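All remarks here apply to the structure that follows.
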Amino acid sequence: MSRQLASHNDDIRRLIEKGFAVSEDSNYLVVRDIPYLDTNLALATGSFVATLVAIDEHRVQQDDHQVWFAGGVPHGLDGRPIPNLGGGPCSLHLSPAASDVVVERRFSNKPLVAQRFDDFFEKIESYTNIIAGPAMERYDASPYTFRIPDEAAKDPIFKFRDTLTSRGEITDLTTCFHGEVVAVIGLGGTGSYVLDFMVKTPVAEVRAFDADRFHVHNAFRSPGYVDPSEFDKTKAEVYLARYDNFRHGLSAKATYIDGSSEDELSGVTFAFVCVDKGASRADIFQALVERKIPFIDVGMGLKRKDQGLGGMVRVTYFPSEHSEEVIRKSHAPQQDDPEDLYRAKVQIGELNALNAALAVTRYKQLRGFYKDVSDWENLLFDTTDLKSVGVSTRED
């Protein structure tokens, strides 16, 4: 992948041509074979790691003047730690392909005049001169090995670089989604936003299901650009076309889910139920319970009040080990309220997005991406006072 980067980025090409051992891992630039002097003035070898910021599919840029370093504290010829490096001890998660690169610290050294580096070549050259210089002088060691290190395989999830994760330094947290196969059942207002969020989550597979057609009112409560040619196509067809260029492992099928959906639910590890008919939930719930698939059901109820619409947004979690117990608590209605104006197609895209955000946040809590201290199974958000109330799984 570093060779592909070099073909579109002159600064990385120059690093490789000069002889740096350049590779890419987890959307970081990795430069190995950097010699330095350790605390005993013995020759040691480390690596630089820098964040890649994607401009488009092929071009990248560096984001700041800092680098990570896999190695000990570098020393000068006088036996003292090299001054003015800033930073300090830290760690950074890379893939198993870079298991030889164990980040131990971060450095921060700005160019005196410009106060910034123009590109990766200038940045790596500057840090090499500072850190490797004493080892080059004492041992005639060279950072220019022209080595081509093994690299991590191409991202199996995303078709674009996930530099949002690398910039946030949370690559290790995303491992909690490995192997996850998530079903999104229903692609109406809330379901379309759930799909949008899950497409951008590094789960192994996302399966979407809805047999309904995409009409004009759907455009007002769904994310993204709307093409008039989408109208009257199935929602599954519309959303697959919108997101297929974003990730691998995405499917959308124009079908309803019920007890006969064996193929559709095979291998699913979690599901979101996003249907707006209470009566349609029973078959879906039963199909998921029988297969011991944990799931979250979403919903909202709005009524006309004196000064506008008011109501609740709901998110309910059904753990596989006691889904039937949660069903009996009737958090999620399995019949329809004839006075619920949502069924009259009130356009409330912001509440659909909020409902989806709460649901996906809860899912990510359950998987360990977000910290969870509440352990709630049912959350209600009141649109009139913007307050939420959660019922914990520990409560009766």
Side-chain angles (χ1 to χ4, degrees), residues 1-35 45-71 87 90-107 117-128 131-132 142-175 177-178 200-202 204 245-249:
M1 285 185 280
S2 60
R3 300 293 163 175
Q4 293 178 350
L5 282 176
S7 66
H8 296 92
N9 297 273
D10 182 67
D11 52 345
I12 295 177
R13 177 187 59 79
R14 291 165 63 203
L15 285 173
I16 294 174
E17 289 180 348
K18 187 159 186 177
F20 283 105
V22 177
S23 64
E24 178 188 354
D25 188 278
S26 305
N27 291 304
Y28 295 102
L29 185 74
V30 180
V31 182
R32 292 174 169 85
D33 300 345
I34 303 299
T45 304
S47 302
F48 294 134
V49 179
T51 304
L52 293 170
V53 178
I55 299 172
D56 54 31
E57 293 180 79
H58 304 293
R59 294 180 300 153
V60 296
Q61 65 184 18
Q62 56 105 9
D63 62 340
D64 58 27
H65 59 278
Q66 301 181 65
V67 295
W68 287 276
F69 187 63
C90 69
S91 61
L92 184 72
H93 183 85
L94 299 175
S95 79
S99 60
D100 62 311
V101 180
V102 181
V103 171
E104 299 180 47
R105 59 200 75 254
R106 190 167 194 164
F107 296 138
F117 295 110
D118 286 338
D119 54 30
F120 279 115
F121 184 84
E122 184 178 323
K123 181 176 187 174
I124 298 303
E125 273 278 81
S126 177
Y127 277 103
T128 298
I131 291 170
S142 175
Y144 312 118
T145 63
F146 290 90
R147 187 163 70 93
I148 303 175
D150 293 335
E151 295 186 295
K154 188 176 181 180
D155 191 335
I157 305 297
F158 298 113
K159 298 180 181 180
F160 299 102
R161 296 179 181 276
D162 182 16
T163 53
L164 185 66
T165 295
S166 56
R167 292 178 72 181
E169 301 173 31
I170 56 173
T171 304
D172 57 323
L173 292 179
T174 62
T175 59
F177 301 120
H178 287 183
K200 299 161 188 175
T201 301
N245 72 331
F246 198 94
R247 61 166 294 145
H248 305 284

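Here the structure is a predicted model, which is why all the values come from computation and not from measurement.
- Between Ile157 and Pro202, the closest heavy-atom pair is CG2-CA, 4.0 Å.
- Summarising the geometry, atom CG belonging to Leu92 is positioned 6.5 Å from atom OG1 belonging to Thr171; distances are rounded to the nearest 0.5 Å.
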Stepwise side-chain contact (heavy atoms from CB on, under 4.5 Å) check, Thr51 with Ser166: CA-CA 7 Å; Thr51 304; Ser166 56; 4.2 Å; yes
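- Going from atom CZ of Phe246 over to atom NZ of Lys200 covers 6.0 Å, rounded to the nearest 0.5 Å.
- Distance CG/Leu5 to CG/Leu29: 7.5 Å, rounded to 0.5 Å.
- Looking at heavy atoms from C-beta onward, Pro35 lies in side-chain contact with Pro143 at the 4.5 angstrom threshold.
- The side chain to side chain donor-acceptor pair (under 3.5 Å) test applied to Asp64 returns no partner, not counting sequence neighbours.
- Residues passing the salt bridge (Lys or Arg N to Asp or Glu O under 4.0 Å) test with Arg106 are Glu169, sequence neighbours excluded.
- In this structure, Arg161 and Leu52 have side chains that are in contact, with non-hydrogen atoms separated by less than 4.5 Å.
- For Arg247, there are no side chain to side chain donor-acceptor pair (under 3.5 Å) partners, not counting sequence neighbours.
- The nearest pair of heavy atoms linking Tyr127 to His65 is OH-O, 2.6 Å.
- Atom CD1 of Ile55 sits in a crowded spot, with more than 12 heavy atoms from other residues, nucleotides or ligands closer than 6.0 Å.
- Heavy atoms of other residues, nucleotides or ligands lying less than 6.0 angstrom from CG of Asp150 number 12 at most.
- By the ring-ring contact (aromatic ring centres under 6.0 Å, His included) test, Phe107 pairs with Phe69, sequence neighbours left out.
- Partners of Asp33 by salt bridge (Lys or Arg N to Asp or Glu O under 4.0 Å), not counting sequence neighbours, listed by chain and number: Arg147.
- Within the 4.5 Å cutoff, the side chain of Phe48 has no heavy atoms near those of the Val30 side chain.
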Run the numbers on Leu94 and Tyr28 for side-chain contact (heavy atoms from CB on, under 4.5 Å), then give the verdict. CA-CA 8 Å; Leu94 299 175; Tyr28 295 102; 3.5 Å; yes
Residues Arg13, Ser7; criterion side chain to side chain donor-acceptor pair (under 3.5 Å); working and verdict: CA-CA 7 Å; Arg13 177 187 59 79; Ser7 66; over 6 Å; no
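- Distance check: Asp119 CG to Ile12 CD1 gives 9.5 Å after rounding to the nearest 0.5 Å.
- Every residue was checked against the ring-ring contact (aromatic ring centres under 6.0 Å, His included) condition with Phe146, not counting sequence neighbours, and none meets it.
- The main-chain N or O of Cys90 is never found under 3.5 Å from a side-chain atom of Glu104 such that the two would form a donor-acceptor pair.
- With sequence neighbours excluded, the residues that form a ring-ring contact (aromatic ring centres under 6.0 Å, His included) with His58 are His8.
- Rounding to the nearest 0.5 Å places CZ of Phe20 at 6.0 Å from CG of Leu15.
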Under the criterion salt bridge (charged side-chain N to carboxylate O under 4.0 Å, His left out), I'd like the reasoning laid out for Asp118 against Lys123: C-alpha separation, chi angles, the key distance, then a yes or no. CA-CA 8 Å; Asp118 286 338; Lys123 181 176 187 174; over 6 Å; no
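- Across all non-hydrogen atoms, the minimal contact from Arg32 to Ser23 is NH1-OG, 2.8 Å.
- Within the structure, salt bridge (Lys or Arg N to Asp or Glu O under 4.0 Å) contacts touching residues 50-63 (residues at least two apart or in different chains) are Asp56-Arg59.
- Legend: residues meeting side chain to side chain donor-acceptor pair (under 3.5 Å) with Arg14, ordered by chain and number and at least two apart, are absent.
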side-chain contact (heavy atoms from CB on, under 4.5 Å) for His248 and Phe158? Distances and angles first, verdict last. CA-CA 6 Å; His248 305 284; Phe158 298 113; over 6 Å; no
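- The side chain to side chain donor-acceptor pair (under 3.5 Å) search around Ser26 returns none, not counting sequence neighbours.
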side-chain contact (heavy atoms from CB on, under 4.5 Å) assessment of Thr128 paired with Ile34: CA-CA 7 Å; Thr128 298; Ile34 303 299; 4.2 Å; yes
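- A 4.5 Å side-chain heavy-atom check between Arg105 and Trp68 finds every atom pair outside the cut-off.
- With sequence neighbours excluded, no residue satisfies salt bridge (Lys or Arg N to Asp or Glu O under 4.0 Å) with Glu122.
- Residues forming a salt bridge (Lys or Arg N to Asp or Glu O under 4.0 Å) with Asp172 (at least two apart in sequence, or on another chain): none.
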Go through the steps for Asn27 and Thr163 under the test side chain to side chain donor-acceptor pair (under 3.5 Å), then give the verdict. CA-CA 6 Å; Asn27 291 304; Thr163 53; over 6 Å; no
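- Atom CZ of Phe117 is separated from atom CD of Gln66 by 10.5 Å, given to the nearest 0.5 angstrom.
- Heavy-atom minimum distance, Asn9 versus Val60: OD1-N, 2.8 Å.
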